[in-house]
Enquirer: 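First the structure, which I've put down as structure tokens, then a few questions once you've had a look.
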Amino acid sequence: MSDATFLIRLAESDDDEFILGLVPRFVDFPLPNGRSRSDCLKGIEADLVKHLDEQPSNSYIFVAENEDGEPVGFVHLQKTKDFFTHRDNCHISDIAVAEAYEGAGAGKFLLDHAYGWAKEHRCQFVTLAVFPGNERARDMYMKQGFDTDLMRMAKPVR
């Protein structure tokens with residue numbers, strides 16, 4: 001499946017079920033100390049539902065499809081301001097690929113789309129956050145030219 005061809009389009013209301021169905025992919029690896037799968041799933045789903053329902057002006061959700069028009073993944077982009085320069089950045093808030101398309105190039109395709117979108121919108125950086133235990137995603141991001149910018153650290157309060 002590595003020679004698969006994908007198309008991309010803005011998400012429509014018909015895509016909500018597919019997008020929300022990929023939420024478990026965001027916690028399919030060891031989570032940091034103090035993070036529960038349940039809390040993460042609820043938070044991610046609530047944020048996506050908000051963006052799907054309200055469609056804020058700085059939020060863009062794109063769906064990748066295979067040649068048959070079946071959705072294979074999505075990327076949620078948000079235009080943000082860089083803390084240091086106050087220039088526009090493109091933040092990848094969410095990116096997920098259906099398990100059946102893992103390793104088929106859909107993730108790279110979605111990242112390439114995010115980069116092209118950022119370039120078209122004159123963004124300074126494409127940013128994203130990833131859990132340390134999500135090694136597969138971290139490896140892909142590094143292969144695509146991402147590097148550590150800031151590191152957020154947390155300590156559970158008990």
Side-chain angles (χ1 to χ4, degrees), residues 4-32 34-83 85-102 104-134 136-138 140-141 144 146 149-150 152 154 156:
T5 302
F6 304 105
L7 305 169
I8 197 144
R9 61 174 173 73
L10 275 170
E12 300 170 355
S13 58
D14 293 2
D15 297 310
D16 291 7
E17 186 177 332
F18 169 74
I19 290 168
L20 296 174
L22 291 181
V23 168
R25 302 279 292 153
F26 291 101
V27 295
D28 195 17
F29 45 82
L31 293 173
R35 294 284 182 196
S36 77
R37 283 186 164 29
S38 155
D39 287 346
C40 291
L41 287 169
K42 286 177 191 171
I44 294 165
E45 184 170 335
D47 186 64
L48 276 169
V49 166
K50 177 183 173 188
H51 285 270
L52 289 166
D53 288 350
E54 297 175 14
Q55 299 179 358
S57 61
N58 68 335
S59 176
Y60 308 87
I61 301 176
F62 296 92
V63 173
E65 298 179 335
N66 65 16
E67 292 172 323
D68 297 327
E70 297 170 15
V72 301
F74 78 96
V75 63
H76 176 197
L77 307 179
Q78 293 182 336
K79 195 180 247 191
T80 61
K81 290 289 182 191
D82 188 81
F83 177 82
T85 66
H86 304 287
R87 289 182 55 198
D88 286 337
N89 283 343
C90 170
H91 181 70
I92 299 174
S93 183
D94 306 282
I95 183 169
V97 172
E99 193 170 357
Y101 285 88
E102 201 172 279
K108 180 185 179 314
F109 177 79
L110 289 163
L111 286 173
D112 288 348
H113 177 75
Y115 184 81
W117 187 94
K119 197 169 185 176
E120 180 182 326
H121 288 88
R122 300 174 187 237
C123 293
Q124 180 180 14
F125 291 104
V126 177
T127 64
L128 55 80
V130 60
F131 283 120
N134 193 348
R136 183 179 178 96
R138 287 178 41 220
M140 181 179 68
Y141 300 148
Q144 296 305 309
F146 284 83
D149 179 37
L150 296 172
R152 177 180 153 164

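Atoms considered below: every heavy atom in the structure, side chains included; atoms not considered: hydrogens, waters and symmetry mates.
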Enquirer: What pair of heavy atoms forms the shortest contact from Leu31 to Cys40, and how long is it?
Expert: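 That would be CD1-SG, 4.2 Å.
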Enquirer: Are Asp82 and Thr85 linked by a side-chain donor-acceptor pair shorter than 3.5 Å?
Expert: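 The answer is yes; a qualifying pair exists.
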Enquirer: Apply salt bridge (charged side-chain N to carboxylate O under 4.0 Å, His left out) to Asp88 and Lys81, showing your working.
Expert: CA-CA 5 Å; Asp88 286 337; Lys81 290 289 182 191; 2.8 Å; yes
Enquirer: Side-chain contact, heavy-atom cut-off 4.5 Å: Phe83 with Leu150?
Expert: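 No. Closest side-chain heavy atoms not under 4.5 Å.
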Enquirer: Could you report the tightest heavy-atom contact between Ile44 and Phe26, atom names first, then the distance?
Expert: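 Looks like CD1-CB, 3.5 Å.
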Enquirer: What's the verdict on side-chain contact (heavy atoms from CB on, under 4.5 Å) for Leu111 and Ile92, showing C-alpha distance, side-chain angles and the deciding distance?
Expert: CA-CA 9 Å; Leu111 286 173; Ile92 299 174; 3.6 Å; yes
Enquirer: Looking only at heavy atoms, which two atoms of Phe18 and Gly73 are closest? And how far apart?
Expert: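 Taking Phe18 first and Gly73 second, the nearest heavy atoms are CZ-N, 3.4 Å.
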Enquirer: Using every non-hydrogen atom in the two residues, find where Ile19 and Ala11 come nearest and quote the distance to one decimal.
Expert: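 For Ile19 and Ala11, the tightest heavy-atom pair comes out as CD1-CB, 4.0 Å.
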Enquirer: Is any side-chain heavy atom of Arg25 closer than 4.5 Å to a side-chain heavy atom of Glu99?
Expert: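 Result yes, sub-4.5 Å side-chain heavy-atom pair found.
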Enquirer: Using a 4.5 Å cut-off on heavy atoms from C-beta on, say whether the side chain of Arg122 contacts that of Arg87.
Expert: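 No - every pair of side-chain heavy atoms lies 4.5 Å or more apart.
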Enquirer: Kindly say whether the aromatic ring centers of Phe62 and His113 come within a distance under 6.0 Å.
Expert: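 Under 6.0 Å, so yes.
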Enquirer: Does a donor on one side chain sit under 3.5 Å from an acceptor on the other, for His91 and Thr127?
Expert: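 Yes.
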Enquirer: Quick one: pull up CG in Asn134 and CG in Asp28 and give me the separation to the nearest 0.5 Å.
Expert: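 So the CG of Asn134 and the CG of Asp28 are separated by 8.5 Å.
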Enquirer: Do His76 and Leu48 have side-chain heavy atoms sitting under 4.5 Å apart?
Expert: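 Contact flag for His76/Leu48 side chains = yes.
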Enquirer: Under the 3.5 angstrom rule, does the side chain of Asp15 hit a backbone N or O of Glu12 as a donor-acceptor pair?
Expert: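 Indeed, once roles are kept as given, a pair shorter than 3.5 Å links the two residues.
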Enquirer: With sequence neighbours excluded, tell me which residues meet side chain to side chain donor-acceptor pair (under 3.5 Å) with Asp112.
Expert: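 Asp112: side chain to side chain donor-acceptor pair (under 3.5 Å) contacts with Lys108.
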Enquirer: Not counting sequence neighbours, which residues clear side chain to side chain donor-acceptor pair (under 3.5 Å) with Lys119? List them please.
Expert: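 None.
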Enquirer: Going through the distances and angles, do Glu70 and Glu65 end up as a side-chain contact (heavy atoms from CB on, under 4.5 Å)?
Expert: CA-CA 5 Å; Glu70 297 170 15; Glu65 298 179 335; over 6 Å; no
Enquirer: Compute the ring centroids of His121 and Trp117, then answer whether they are less than 6.0 Å apart.
Expert: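 Here the rings of Trp117 and His121 have centres that are less than 6.0 Å from each other.
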Enquirer: Phe131 vs Phe29 aromatic rings, parallel, tilted or perpendicular, using cut-offs 30° and 60°?
Expert: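 Tilted: the ring planes of Phe131 and Phe29 meet at 30° to 60°.
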Enquirer: Going by heavy atoms in the side chains, are Asp47 and Ser93 under 4.5 Å from each other?
Expert: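 Of all side-chain heavy-atom pairs linking Ser93 with Asp47, at least one is under 4.5 Å.
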Enquirer: Can you name the nearest heavy-atom pair linking Asp94 to Phe74, along with the distance?
Expert: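 In terms of heavy atoms, the two residues are closest at CB-CE1, 3.8 Å.
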Enquirer: I need the Lys79 NZ to Cys90 SG distance, nearest 0.5 Å.
Expert: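 SG of Cys90 is found 9.0 Å from NZ of Lys79.
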Enquirer: If you draw a 6.0 Å radius around OH in Tyr115, do more than 12 non-hydrogen atoms from other residues or ligands fall strictly inside?
Expert: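 No, OH of Tyr115 has 12 or fewer neighbouring heavy atoms, counting only those of other groups under 6.0 Å.
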Enquirer: If we only count heavy atoms from C-beta on, is the Phe125 to Asp149 side-chain gap below 4.5 Å?
Expert: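 A side-chain contact is absent here, since even the closest heavy-atom pair is not under 4.5 Å.
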Enquirer: Taking the side chain as every heavy atom from C-beta outward, state whether Ile61 and Val75 have any pair of such atoms under 4.5 Å apart.
Expert: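 Of all side-chain heavy-atom pairs linking Val75 with Ile61, none is under 4.5 Å.
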Enquirer: Determine the minimum heavy-atom distance between Leu41 and Pro24, stating which atoms define it.
Expert: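 Nearest pair, atom of Leu41 first, then Pro24: CD2-CA, 3.7 Å.
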Enquirer: Using modelled atom types only, decide if a donor and an acceptor are shared between the side chain of Arg138 and the backbone of Val130 within a distance under 3.5 Å.
Expert: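 Not confirmed, Arg138 side chain does not pair with Val130 backbone.
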Enquirer: Which residues pass the side chain to side chain contact (heavy atoms under 4.5 Å, CB included) test with Val97, not counting sequence neighbours?
Expert: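 Partners of Val97 under the side chain to side chain contact (heavy atoms under 4.5 Å, CB included) test: Tyr101, Ala106, Leu110.
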